[in-house]
Structure formats: C-alpha cells, structure tokens
Amino acid sequence: MTSAKPSRRHDRIIIHFDYDCFYASVFEAENPALKSVPLKQIIVTCNYEARRRGLHKLQLIHEARQIVPDVVIVLGEDLNRFRDASKELYKFLEAFTWNGKVERLGFDEVFMDVTDIVDFNQSLLNPNDLKNSYFQLQKNDPTVGFAFDSTKIAGHGFANIPQTQSPMPDTNIPTDDHESLMARLILGSHLAQHLRLGLEEQKGYTSTVGISTNKLLSKLVGNLNKPKGQTTLLPPYVVPDDREVESNVTAFIDGHDIGKIPGIGFKMSQKIRNHVLSRPAEFELGLIYGGTKESVTVRDVRLFPGMGPELLEKVLGGPGTERGIGGKAWGLINGIDDTEVQQAKKVPTQISIEDSYTRLDTMPQVLKELRILATSLIKRMQVDLLEDDGDDSTTRRWIAHPKTVKLSTRPRPPLNSDGTRARSFNRISRSGPLPNFVFNLKDGVDVIVEKLVLETLIPMFRKLHPYPSGWNLSLVNIGITNMIETASDDGNGGGRDIGRMFKRQEEVLKEWKVEDRDVPPDTILEAVAESHDAISTDPSAGNEVSDCTMTGSEDVIPTQTSADEPVEWDDEEVEDENREICHECGATMPAFAMAAHERFHSLET
DNA sequence: TAAGTCTAA
DNA sequence: CGATTTAGACTTA
C-alpha cells in the first residue's frame, strides 16, 4: 500500500459566513421581543436566549412549550422575508468581491473566494513595517480600505501544533509555502473580520466565519467559535511524510464524526459506518476496531486497513451513485475539496413550491392545492425572474425563461391491514414544457394560474395518478427548471459566464432576442431540437403560441390513456357560487377559465 | 430530456 | 432519528 496521501492545493483563500441563528435574527431585526421561529409543526430555529433555556433546533413545538411555557412562536409561513434578508446580506458581501465568486448555501450561509484580493494585498505588504499594514479593498482606489496588523491573525486560529512565540512562520516546521500561506491566511482573516463587522454594523446581523483554503475546511473550522466569532485554520496544511507531526488539516478534520463532513450525508455515512464497524477487513477481527463503537470519526475511516479511494469506491459506489465518488470522499476525509466557489448568479437554476398534507385524496382538494401552489409559483417567478427594463423603468422584462415545469407528489404508503404493502416514501414526478402564457404580463396572476392548472398541471397529475381515487398524498410540489437566460444588455451586469452556455442555446437566444422578449417562441426551440412533429412555427402568433404549447403537451396524453389507464375520471365536486362546473370532467373553476378549459377538452383524444 | 437520488440548510 | 421546505448536483436511460 503506497502512501495514498493525496496532494492538497492551498492556493486559494476561502471565507465561509454563517449568520448567527438567521431566522430568529430576521424577526429580531423587526421586533426584538420575539423569541423563536417555528415552521409548521417544528421549530426550525431559535435564538440564543431560547437555547439557553433548553430549546434546540428542529424541536417539536409542543415539546418546546412544555419546557419553556412562555416561548413565543412565530409562524414562518412567509419565507419571503427570509429570502429578502438573505439576498440583502448576500448583495452586501458580493459588492466586495473582485472575481464575483460568491456562493449562497441556503439562506444563511455564504462562501467567498477572496484569493485575488488577498494575493494583491500580499504584494503590497511592507516587510519592514508589517504591524502597520493597509488592506486595500479596491484595486484601483488606494483610499478605500482599512489599517491592520499583518503579524497577527484576526480572531481565533486553530492549530494543533502549538504556534511559536513569533506569530509569524515557524521555520522549524518544514512545510511547503508555510510562510506564504500563513501570510495569506492572515490577510484573509482581516478581510473576513472587516466584512463580518460590516455586516453587523451596517446590516445588524452577526455571523460566524471560517477562513481556510477550500470550502470544506472554511465551513468546518468556523464552527469552532460561534456565535459571533471567526476562526482561521492555521498552517502547516502539509507536512513531509517523514515527519512525525500531523498537518493541522489532519489534526482538525480527524476528530469529526464522518457524517458531519459536508458532502457525506446520511446514506454515505451509513455505508461507511457499516463497513468500518461491522466488517473489518475479513481477518484481524475486532482487536483494534472491534467492540461496540458508536461513532465513527474521520480518523477511524482514514486509518481503516486498506482504506483509500478504491475501497471507498467499492463501499459507496454502485448503480445510481456518483462516478468517482470514492476518490471524492477520500479527498474530503483528507481535507481536500477542489470545488470552486460559484460565480454570483443572477437567476436561480430552479424555483419550486411545495406543501405537505396529512390527507389529500380527492380531486377537488388537489385542484384547490394546485391553485394555491401555482399562485405562489407564478408570483415567485415574477419576483425572481423579472427585472426593470433598463431604458424606462415602467416596463419589466424576463431575465430568464424556464422551459420546463415539473409536478411531483409523494404518495402515502397504503398501510394495508391485510397484506404486505408497506412502501416507498419517495417522490414521483412528471415534467413537461412550460407553456408560454405564464410569461404574459398583461394577464392577472389568477388567469395564468387557472390556465396552468387546467391545461398543464392536471394532465400531469393524471399521468402521475391515473385513478381518480385510491391515493393519498403527503406532499405536492410544483417547480420550474431549465432556465434560458436572457443575454444582458450591456456586458456589465454580472452575466459574465455566458461562454459556458451551450452553443445551440446561444444561437436560439439570438434568434428570439429580436422578437418579443416577453414571449420566447418555444416553437423555434422545438424546431431546432427537431423532435416534435406538427407544431406550428408561426412566430407571429401571439396568443396562439400558448395553443401550440398546449398541442405539444397534448402529445403525451394519448400515449398514457391508451394503454393500461382507466378512463372514468369524474370527480364529485363541491359547489360554489361564482364557479362553473365542466360537463366533461366535473371540475369546477371560475367562469373566466371555462373557455380555455373547454378548448382543452376539445384537444383531448 | 425525463425521472429519480442524494445532499444540505 | 424524524418532522418540513427549498435548492443544487448528480445519475440513468
């Protein structure tokens, strides 16, 4: 067995931000008296006062009430406030980057790659007066920045190997680039502190920060001092093989439970645990790894006989798993993570809305919930994908056109008394082209929602659940994906990554940029994709475009209903004034939607 | 492209 | 643990 120690690169400086109990902070910013923030039946998060009194994250609400009777529960129905706050803080940080590498993870975490800023400032250091250094925040404006002491780390440092008196490099520990890496981490720590305090003073949010050379390590090391702290993982990151010392990376990461490593989730940690605990390499039973050990640390895994990328590939690999997962996991275990901090993106790659239910088993209910979900979705699209038009701000334009809409459900297992069927807890889904009428800004949301539900979502639902009853859903999700970004007007706006787009998409984009920006012709896309038959390609068609799309989606219905699917599909429906009932299928809907609905039926079969 | 899996907050 | 909701990266066919 060769020394399977993979090479570690540490040419980057990455900062990881984690806002302290973010959800609670959002409310505290509005009303300091508030105590905790639950979502549905569970407390998603709580502030530190609540934690001091014995509450914790993901706790059941009634449980929390028993422990702290006067707890203030805030319903988190409205995620928009969190989304907005998250975006605001993210924008604040983004303004500091030079390379645009700022990546959000959930609402309350941000990675920043500040390598270029750090390198630039390293070159400015005056070796004769390191204590009085100046950190320049803008490349071409020396007046913007702050004074700092570049002989000291800002905030906490983590080192297993005790650092010597001199805070500057200890040359007794032979490492590659020890000195330079230390200097750059110091720079990074001061920049991090500047940003962290800026976030606190100017936005009112405290955060916990980690500084290291990759996403994995900066995220993990930040946890050492929270809340309101920052920690830098100190060198040496690499030590020569013949030394008895460990690198600080190894020393740091080794103590973690294997499942705590970002990227190694529930499934993978289970597999690894099973292997390390219960099947010690055939022989050598039990002596070292035997006993009844509960937790498996990174060190346990790393030192397991024969452990390496190949073994991990065997343990973790298999059909449906990521290729090269063994090598990747082996890297993580060794503190290696070469994944890039993503460029700031103007548009999300996907938007989805979902809700869960204790009981959802009739069509009228489904129809109602689909309307609710679709309404949220359309509104979200109009918030996240619309931008004020550059020239006159009275008009808005779509910055991206999602091409695909997907409906997912999670059927509740039947739980049969007589027999055997206890079954999957997983989601099933159907997807198809997103009709163009959703981009129409003249129609009201209600009109769009109604058309979308009747013409697209219900047909998908039928494919998912061919029988009108007999199912019971615990979850419904609607999402849009496959964003086709509109090219930015001036080269300025951050859409710099356009080179990464597929060539074909670029050509298509050019074509329809000439036309009405609010209604991209799917027809052209499909013609280029050369798969669909009999689709009108008349680009001058205004409202007709939606009809074309309808025809497109209608393509799939017969193939479904023809085979093994039942045909009886009438639901008994609750009566409601202001609503009409369809003679064909029994669905009810607002009067204005009936025309479209009837057209839908006329296209059926 | 469509459907699904795993991960993470 | 699991409970929930949203999102991204990835596989298979």
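Each chain gets a letter, A, B and so on, in the order its sequence line appears, and its residues count up from 1. The shown structure was predicted, so the numbers you read here are calculated from the model rather than taken from an experiment.
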**Message:** If you assign A/L475 and A/F266 each to the DNA chain C nucleotide with the nearest heavy atom, which residue ends up on the more 5' nucleotide?
**Reply:**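 Between the two, 5'-proximity favours A/F266.
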Between [atom2] on [N] and [atom1] on [X], what's the gap in Å once rounded to a whole number?
{"X": "A/Q270", "N": "C/dG2", "atom1": "CD", "atom2": "C1'", "value": "14 Å"}
{"X": "A/F82", "N": "C/dT6", "atom1": "CZ", "atom2": "P", "value": "12 Å"}
{"X": "A/K267", "N": "B/dA8", "atom1": "NZ", "atom2": "P", "value": "13 Å"}
{"X": "A/K215", "N": "B/dT7", "atom1": "NZ", "atom2": "P", "value": "16 Å"}
{"X": "A/K260", "N": "C/dC1", "atom1": "NZ", "atom2": "C1'", "value": "13 Å"}
{"X": "A/R412", "N": "C/dT4", "atom1": "CZ", "atom2": "C1'", "value": "13 Å"}
{"X": "A/D355", "N": "C/dA3", "atom1": "CG", "atom2": "P", "value": "16 Å"}
{"X": "A/M268", "N": "B/dT7", "atom1": "CE", "atom2": "P", "value": "6 Å"}

Short side-chain N/O contact from [X] to OP1 or OP2 of [N], under 4.0 Å:
{"X": "A/K406", "N": "B/dT1", "result": "no"}
{"X": "A/R427", "N": "B/dG4", "result": "no"}
{"X": "A/S429", "N": "B/dA3", "result": "no"}
{"X": "A/N482", "N": "B/dT1", "result": "yes"}
{"X": "A/K219", "N": "B/dA9", "result": "yes"}

**Prompt:** Looking for any heavy atom pair under 4.0 Å, which part of the strands does A/I261 touch: base, sugar-phosphate only, or nothing?
**Reply:**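 Touches sugar-phosphate only.
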**Request:** Scan A/G479 against the nucleic acid and name what it touches under 4.0 Å (heavy atoms): base, sugar-phosphate only, or nothing.
**Result:**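 Here A/G479 touches no strand at all.
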**A/K91 and A/E88 ion-paired at < 4.0 Å** =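 Salt bridge flag = no for A/E88 with A/K91.
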**Prompt:** Do A/E485 and A/K346 sit within salt-bridge range, that is, some charged N less than 4.0 Å from a carboxylate O?
**Reply:**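 Looking at A/K346 together with A/E485, the answer is no, because their closest N to O distance does not fall below 4.0 Å.
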**Item:** A/E109, nearest nucleotide to its side chain (from B/dA9, B/dT1, B/dA2)
**Value:**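 Within the option list, the nearest is B/dA9.
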**Nucleotide nearest A/S431 (side chain, heavy atoms from C-beta), chosen from B/dA3, B/dA9, B/dT7** =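 For the A/S431 side chain, the nearest candidate turns out to be B/dA3.
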**Asked** Among A/K226, A/R196, A/K228, whose side chain to side chain contact (heavy atoms under 4.5 Å, CB included) with A/V209 holds?
**Response**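 So the option named by the test is A/R196.
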**Fill in**
Each nucleotide of nucleotides 7-13 of chain C classed B (base within 4.0 Å of a protein heavy atom), S (only sugar-phosphate) or -, in 5' to 3' order, makes BS-SSS-
**Residues in side-chain contact (heavy atoms from CB on, under 4.5 Å) contact with A/N99, at least two apart in sequence or another chain** =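 side-chain contact (heavy atoms from CB on, under 4.5 Å) list for A/N99, sorted by chain: A/T97, A/K101, A/D113, A/D116.
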**Request:** Would you please name every residue forming a side-chain contact (heavy atoms from CB on, under 4.5 Å) with A/E310, sequence neighbours left out?
**Result:**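 A/E310 satisfies side-chain contact (heavy atoms from CB on, under 4.5 Å) with no other residue.
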**Contacts of A/F266 that satisfy ring-ring contact (aromatic ring centres under 6.0 Å, His included) - sequence neighbours left out** =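 Expected list: none.
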**Prompt:** How would you list, by chain and number, every residue that makes a side chain to side chain donor-acceptor pair (under 3.5 Å) with A/N477, sequence neighbours excluded?
**Reply:**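 Once residues adjacent in sequence are excluded, the partners of A/N477 under the side chain to side chain donor-acceptor pair (under 3.5 Å) criterion are A/E354.
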**Request:** Please identify each residue that fulfils salt bridge (charged side-chain N to carboxylate O under 4.0 Å, His left out) with A/K314, with sequence neighbours left out.
**Result:**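 Once residues adjacent in sequence are excluded, A/K314 has no partner under the salt bridge (charged side-chain N to carboxylate O under 4.0 Å, His left out) criterion.
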